[in-house]
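Both backbone and side-chain heavy atoms feed into the values below; hydrogens, waters and symmetry mates do not.
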2 protein chains.
Amino acid sequence: MADKHPSRPSNPNVSVDCVVFGFDEEQLKVLLIEQRTSGDFAPQLALPGDLVLQDENLDESATRILKELTHLEGIYLKQFRAFGDPDRVNNLKDKEWLRTVRENPDARVITVAYYSLVKMEAYRPEAASFAGKVIWQNVSEIPELGFDHNKIVNEALARLREEFEFKNIAFELLPKKFTLTMLQKLHEIVLGVQLDKRNFRKKLKKSDTLQPLDEKQSGVDHKPAQLFKYSSGKK
Amino acid sequence: MADKHPSRPSNPNVSVDCVVFGFDEEQLKVLLIEQRTSGDFAPQLALPGDLVLQDENLDESATRILKELTHLEGIYLKQFRAFGDPDRVNNLKDKEWLRTVRENPDARVITVAYYSLVKMEAYRPEAASFAGKVIWQNVSEIPELGFDHNKIVNEALARLREEFEFKNIAFELLPKKFTLTMLQKLHEIVLGVQLDKRNFRKKLKKSDTLQPLDEKQSGVDHKPAQLFKYSSGKK
DNA sequence: ATGACTAAGTGTACAAAATACACTAAGATT
DNA sequence: AATCTTAGTGTATTTTGTACACTTAGTCAT
């Protein structure tokens, strides 16, 4: 049992949790994993997350953990907040899942949260062997999650929306190639509003951050759209 | 010596660092403390910060640490980012200052950073007995600091500016009573620009977030200005 | 090849917001 | 009473945001 005297530093466990938002033409979802612990607890849903290892920085940790748990790679993850209520991981089931039982069972767990945004069709998550499965859950229908993960998802969603509202386009979070219609739909889905096509494009043009590619959309049964990439400044 | 096998969770020390910005009519400064360790190291400057204790959450920790080190109280502190490079605290002097030597000397230190903004004249920081002294350092003349604190200050300043640019007024960060001229000067100092008095006031009026008090500025040798407080929504 | 279907791509008129700019008013000091 | 200092206020112009509908390019079915 760790020392619980209040005037001592806590030497907590530190974990990383990843809120991966996925979008398609209509919906915004969050990637969740089903936790199956070795104990006989009922499975529960939670964000992909695990403890930070000794020789990695936080960004590296997030990348590694997301890959280990869901096989997703090459995704930009943005740190947005640490969560550290002393009792935020307070039950056996949660601790078992986090490997905390084996390492440092009585210490609290402080977590550093990351978010990202991906095109669902471009990334096919697969559950790690030891996890149950991974699912895309609609952001408007998120059930009760393990740990304090509902709070973390809500905060991440708020940040994502701020990013889109204030900075206009969250380029770090975008796919490398995209059509203007895709970009508009993404904004509409994230912000929950309808936008005017011409006005949306006018604003993009003025911001001067898009570069047309020598490539058009393929695999559609109508006029294919021009593909663009992000480019700061002008051509 | 702690276990350094890379595949193990790190059970790091976790600290909090506070970037307290202070403003007057002309300048924006940062509160720094001079570290005097018990060893025979030369003093160095750093942000007020220390390890998180077992039974406190991160916000509580920040509040406590700022008070212990500088006697500042009643200040809104906003968490903005965790910093966790594995070697960000890598010398004996830094470790000694952080009490890490006594508790968990070989583990890395992950820090959660907070910032805030105060009227310098309203808060008189005093050094804790064990610290050297506290100083207000101009943000444009920050010397080399301990740990990775230069990086943390730069990031905090960027966030503070974003807050002022995008959200227009960072009310959480303001004094409770203020004149419109004070508010304008603050914006000018933080953003490093000149603003037009009438346009600035027009925008404030439209935002409908200020409430005039039954009180005017005192102690000035000219026409006293109306004092306002923040108020969401209308009177 | 023709016609029908689907989404891509484009411009203009109006409303709202941001900017540039200079004088009068209130209190303090002599 | 005169002077000094900052408070407080409005209008004209430019820029930005909004509302709105038709033509074009490619695919598919006949």
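Once rounded to the nearest 0.5 Å, the distance linking CG of Leu173(B) with NZ of Lys167(B) reads 10.0 Å. Within the model, atoms CD1 of Ile75(B) and OG of Ser116(B) stand 5.0 Å from one another, a figure rounded to the nearest 0.5 Å.
Taking only side-chain atoms of Lys203(A), from C-beta outward, the nucleotide of dG17(D), dG8(D), dG27(C) with the closest atom is dG17(D). When the nucleotides dT18(D), dG9(C), dT6(C) are ranked by their closest atom to the side chain of Gln226(A), dG9(C) comes out on top. Taking the side chain of Ala225(B) as heavy atoms from C-beta on, and the options dT10(C), dC21(C), dG8(D), the nearest nucleotide is dG8(D). Considering only the side chain of Lys223(A), dA7(C) comes nearest among dA7(C), dT27(D), dG27(C). Distance from the side chain of Asn199(B) is smallest to dC21(C) among dA8(C), dC21(C), dG11(C). Distances were taken from every side-chain heavy atom of Lys206(A) (C-beta onward) to each of dG26(D), dG17(D), dA7(D); the shortest belongs to dG17(D).
Taking the six-membered ring for Trp and thresholds of 30 and 60 degrees, Phe200(B) and His187(B) have ring planes more than 60 degrees apart, a perpendicular arrangement.
A straight line from CG of Leu210(A) to P of dA8(C) spans 15 Å, rounded to a whole angstrom. Taking atom CD of Gln217(A) as the reference point, atom C1' of dG9(C) lies 13 Å away to the nearest angstrom. Residue Phe178(A) contributes atom CZ, which lies 21 Å from atom P of dA7(C) at whole-angstrom precision. Per the geometry, NZ belonging to Lys185(B) stands 12 Å off C1' belonging to dA7(D), to the nearest Å. Computed from coordinates, the Gln184(A) CD to dA7(C) C1' distance equals 12 Å when rounded to whole Å. Rounded to an integer number of Å, the gap from Leu204(A) CG to dT10(C) C1' is 14 Å. Here dT18(D) presents its C1' atom at 12 Å from CG of Leu195(A), a figure rounded to the nearest Å. Atom P of nucleotide dG8(D) and atom CZ of Phe228(B) are separated by 7 Å, given to the nearest angstrom.
Considering only side-chain N and O atoms, Thr181(A) lies under 4.0 angstrom from the phosphate OP1 or OP2 of dA8(C). Between Arg201(A) and dG9(C) there is a side-chain N or O to OP1 or OP2 distance below 4.0 Å.
Arg64(A) has a carboxylate O that lies under 4.0 Å from a charged side-chain N of Glu68(A), or vice versa, which qualifies the two as a salt bridge.
If you check distances only, the side chain of Asp221(A) never reaches the base of dC5(C) with a donor-acceptor pair under 3.5 Å. Residue Arg198(B) places a side-chain atom within donor-acceptor reach of the base of dA22(C), judged by atom type and a 3.5 Å distance cut-off alone. Taking only distance into account, the side chain of Lys202(A) never meets the base of dG17(D) through a donor-acceptor pair shorter than 3.5 Å.
The side-chain tip of Arg81(A) points at the ring of Phe83(A) from less than 6.0 angstrom away and within 45° of straight on.
Between Lys216(A) and Lys197(A), the residue anchored nearer the 5' end of DNA chain D, judged by the nucleotide with its closest heavy atom, is Lys197(A).
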